[in-house]
S.K.: 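Before I ask anything, here is the structure I am working with.
Quick caveat, the model's predicted, so the values are computed rather than measured.
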Amino acid sequence: MSRILKLIMTICYLSFVINPLTAQSKDENNITYIKAGKLFDSEKGTLLSNYIIKIDGKRIADVGKNISIPADSKIIDLSDFTVMPGLIDGHTHLMTLDNLKDEYPMAKKVLFEGDALRVLRGAKRAKSWLEAGFTTVRDLGDSGPFLDVALKRAINEGTTIGPRMFVSGPIIISEGGQVPGLLKSKREVSEDEYTIVKNVDDAINAVRIHVNYGADIIKICANNSPNNTSLTIDEMKAIVKMAHRYDKKVTAHATNDLAVWEAVTAGVDGIEHGYQISDTTLTLMAKKGVALIPTDISKPLFKKIYDIVDYQGDKDAAIKRFKDRYQDRLQRAIKAGVTILTGSDNYLDLEMPQGEAAKNILIAYEEEGMKPFDILQSSTYLSAKFMDKENQFGTIKEQAFADIIAVKGDIENDFSNTMFNIVFVMKNGEIYIENE
Ligand SMILES: [Zn+2]
C-alpha cells in the first residue's frame with residue numbers, strides 16, 4: 001500500500017472517530033458567557049430579553065435566562081445591544097468586482113486578472129463580508145476555475161479571514177455563458193469562466209465534475225441573461241436529479257417568467273432574481289417549496305450607482321421605476337407563500353467595503369415592505385434551513401456553531417441604521433469585531 005493511500009485511509013478513519021458533536025471540550029478555559037440584552041430568536045422571529053449564551057470552544061453549549069455564571073468566568077457583556085445569529089448572504093460572487101464604467105468587465109477579469117490575483121482580491125472582499133456581520137455566504141459562481149473552493153479552504157484552515165463559505169464552482173450554463181459580445185473564435189473565454197453544457201449527458205457530467213472538485217451547491221443559469229440562450233428543461237432535470245443524488249441543492253439564475261417556470265418544473269430548490277415572475281409561477285414555487293432569492297438593490301445603492309455612471313436622466317424617477325417593480329414582485333411572492341431568502345448579488349464596485357454594500361439587501365427588503373424580524377429570519381434561520389444546516393448556524397441554540405453578532409440601536413424602529421451599527425462579530429467561537 002502506498003504511503004499516500006495509507007494517509008488517506010487514516011484521515012477517513014479519523015473523520016469517523018472524531019465526531020465534532022461529541023468531541024466537546026471539558027476545558028473551562030474554552031468556556032465564554034455572552035450576556036445578551038436583547039436576543040433575536042431566529043426560529044420564531046421574536047425578540048427575547050436578558051438571555052445568556054454559554055459558548056464552549058466553537059459551539060454554543062447552552063442558551064437561557066437562568067444560566068449561572070461561575071466566578072472568574074470569561075464574560076462578554078452585550079447587555080446594551082441586540083444579539084443575533086451571524087447573517088447569511090445567500091448570493092455572493094467574492095471573486096468578482098466589476099467596474100460600472102467598464103464595457104466588458106466579464107471578459108476583462110478572465111483575460112487580464114488571472115487566478116492568483118483574483119483569489120487574493122477575493123480574500124480581501126471575504127473579510128469585508130465577515131466584518132459586516134455575514135458569518136456565512138453562499139458563493140454562486142463567477143469565480144474562475146473553482147477559486148471559490150480554494151478560498152473556502154484557505155478560510156477554513158485559518159490562512160485567511162472570512163465567512164463560512166458554501167460554494168458552487170463555475171455556473172453550469174448553455175453556450176456563451178454570460179459574456180455578452182464575445183466573438184465565436186474566442187468562445188474559450190467563456191469556457192474558462194463557466195461549465196458549458198451542450199446536452200443532457202453533458203449536464204449530468206457537469207454535476208459530477210462539480211461534486212468532484214468541491215462544490216457544495218449547484219448553480220445553473222436557466223436563462224443566461226444578459227445573453228439570450230437557455231438550458232432546456234431536460235438538461236435542468238438531469239442536473240437536478242444528479243445533484244440531489246449527491247445531496248446537493250440546485251439554485252437557478254432565472255430572470256424572466258418562462259425561465260423561472262422551466263427551472264421550477266425541472267425541480268430546482270432555489271430561484272435567483274426572478275424579476276419578471278408571474279403569479280402562476282409563484283404559486284407553483286410555493287407548492288413545490290422552491291425558495292426565492294430576490295437580489296434587490298436598495299435606494300442608497302441605486303443612487304450610488306447612478307452617481308458613479310454619471311446618469312444624466314431623472315435619478316429619482318429611474319430609482320422609483322425599479323423599486324416599484326421590485327416591491328410588486330416581492331409582495332406577490334410573500335402573498336403566494338414563497339420562502340424569501342437574502343442574497344445580495346453584490347459584484348459591483350460601489351466605492352465602499354463590499355460587505356457593507358452587500359448588507360443593503362436587508363435595507364432593500366425593508367424599503368419594499370418586509371418587516372425587520374421577517375428580514376432577519378430570512379437572513380438567518382431560513383437561509384440555513386435552505387441548506388439543511390439550521391441546527392449548525394443561523395440559530396443561537398445548543399450545539400450550533402457560535403456564529404453570533406450584535407448591533408447597537410433599535411432593531412424594530414430604526415432597522416436600517418441599527419443593522420449598519422455592528423458592535424460584535426463572532427464566528428466559530430472566535431471574535432473578529434468587539435466594539436464598545
Ligand atoms: Zn449573481
Side-chain angles (χ1 to χ4, degrees), residues 91 138 140-143 145-146 167-180 182 184 187-188 190-293 295 333 336 338-339 341 343 386-388:
H91 187 135
R138 211 163 39 242
L140 298 181
D142 292 331
S143 49
F146 294 97
V167 302
S168 69
I171 298 168
I172 300 177
I173 198 165
S174 61
E175 179 65 25
Q178 291 174 292
V179 192
L182 197 62
K184 184 168 179 288
R187 67 183 298 282
E188 69 272 16
S190 62
E191 289 191 322
D192 282 348
E193 189 67 5
Y194 296 91
T195 299
I196 292 176
V197 300
K198 296 179 174 138
N199 51 49
V200 167
D201 286 346
D202 237 14
I204 291 169
N205 204 42
V207 176
R208 290 196 197 104
I209 290 169
H210 280 237
V211 170
N212 214 33
Y213 292 110
D216 303 298
I217 185 166
I218 301 298
K219 163 83 179 288
I220 64 173
C221 274
N223 66 318
N224 39 346
S225 55
N227 278 344
N228 284 327
T229 55
S230 54
L231 291 170
T232 65
I233 291 189
D234 285 343
E235 286 164 345
M236 288 191 275
K237 273 185 181 166
I239 288 168
V240 168
K241 193 173 174 193
M242 189 53 78
H244 286 176
R245 175 172 162 162
Y246 295 116
D247 217 11
K248 308 291 179 200
K249 302 269 179 173
V250 180
T251 196
H253 163 110
T255 52
N256 63 55
D257 189 46
L258 177 64
V260 177
W261 188 85
E262 289 188 337
V264 173
T265 302
V268 301
D269 305 288
I271 292 291
E272 313 289 326
H273 316 302
Y275 297 123
Q276 293 110 32
I277 200 163
S278 70
D279 287 339
T280 311
T281 306
L282 285 167
T283 306
L284 184 66
M285 284 176 72
K287 194 173 147 205
K288 296 185 81 165
V290 180
L292 178 65
I293 299 94
T295 68
V338 174
T339 300
L341 305 180
F386 177 72
M387 293 183 274
D388 296 328

S.K.: How long is the span from the CG atom in L292 to the OG1 atom in T281, to the nearest 0.5 Å?
M.R.: 11.5 Å
S.K.: Rounded to the nearest 0.5 Å, what separates atom CG in D216 from atom CE in M387?
M.R.: 9.0 Å
S.K.: With rounding to the nearest 0.5 Å, note down the distance linking CD1 in I209 to CG in D202.
M.R.: 8.0 Å
S.K.: Parallel under 30°, tilted from 30 to 60°, perpendicular over 60°: which one fits the rings of F146 and Y213?
M.R.: tilted
S.K.: What do the steps show when you test S190 against I196 for side-chain contact (heavy atoms from CB on, under 4.5 Å), and what is the final call?
M.R.: CA-CA 8 Å; S190 62; I196 292 176; 3.4 Å; yes
S.K.: Side chains of residues 229-236: which donor-acceptor pairs under 3.5 Å do they make with residues two or more places apart or in other chains?
M.R.:
from: T229; atom 1: OG1; to: S174; atom 2: OG; distance (Å): 3.2
from: T229; atom 1: OG1; to: E175; atom 2: O; distance (Å): 3.1
from: T229; atom 1: OG1; to: N224; atom 2: OD1; distance (Å): 3.1
from: T229; atom 1: OG1; to: N224; atom 2: ND2; distance (Å): 3.2
from: T232; atom 1: OG1; to: E235; atom 2: N; distance (Å): 3.0
from: T232; atom 1: OG1; to: E235; atom 2: OE1; distance (Å): 3.4
from: E235; atom 1: OE1; to: T232; atom 2: N; distance (Å): 2.9

S.K.: May I have the step-by-step check of side-chain contact (heavy atoms from CB on, under 4.5 Å) for I277 and M285, ending in yes or no?
M.R.: CA-CA 10 Å; I277 200 163; M285 284 176 72; 3.5 Å; yes
S.K.: Which distance, rounded to the nearest 0.5 Å, do you find between the CG of L284 and the OG1 of T265?
M.R.: 5.5 Å
S.K.: Quick one: closest heavy-atom pair of V290 and V338, and the distance?
M.R.: O-CG1, 3.6 Å
S.K.: Roughly how far, to the nearest 0.5 Å, is the CD atom of E191 from the CD1 atom of I173?
M.R.: 12.0 Å
S.K.: Check whether K288 reaches the backbone of V264 with its side chain - one donor and one acceptor, N or O, closer than 3.5 Å.
M.R.: yes
S.K.: Salt bridge (Lys or Arg N to Asp or Glu O under 4.0 Å): which pairs involve residues 254-280, sequence neighbours left out?
M.R.: D279-R332
S.K.: Between E193 and Q178, does the side-chain contact (heavy atoms from CB on, under 4.5 Å) criterion hold? Intermediate values first, please.
M.R.: CA-CA 9 Å; E193 189 67 5; Q178 291 174 292; over 6 Å; no
S.K.: Quick one: CD1 on I204 to NZ on K241, what's the gap to the nearest 0.5 Å?
M.R.: 8.0 Å
S.K.: Taking only residues two or more places apart in sequence or in another chain, which ones pass side chain to side chain contact (heavy atoms under 4.5 Å, CB included) with T283?
M.R.: none
S.K.: Do H273 and T255 have side-chain atoms, one donor and one acceptor, less than 3.5 Å apart?
M.R.: no
S.K.: Please examine the side chains of Y194 and V179, heavy atoms only from C-beta on, and report whether any two atoms are closer than 4.5 Å.
M.R.: yes
S.K.: Might you point out which heavy atoms bring L140 and I217 nearest each other, and give the distance in Å?
M.R.: CD2-CG2, 4.0 Å
S.K.: Could you walk me through whether H253 and N223 pass side-chain contact (heavy atoms from CB on, under 4.5 Å), step by step?
M.R.: CA-CA 7 Å; H253 163 110; N223 66 318; 3.9 Å; yes
S.K.: Please check this pair: side chain of N256 against backbone of Q276, looking for a donor-acceptor N/O pair closer than 3.5 Å.
M.R.: no
S.K.: So which heavy atom on H210 is nearest to which on S168, and how close?
M.R.: ND1-O, 3.1 Å
S.K.: Closest approach of V250 and A243, non-hydrogen atoms and distance?
M.R.: CG2-CB, 3.4 Å
S.K.: Which heavy-atom pair separates G270 from I293 by the least distance, and what is that distance?
M.R.: CA-CD1, 4.4 Å
S.K.: What's the shortest heavy-atom distance between A291 and L341, and which atoms?
M.R.: CB-CD1, 3.8 Å
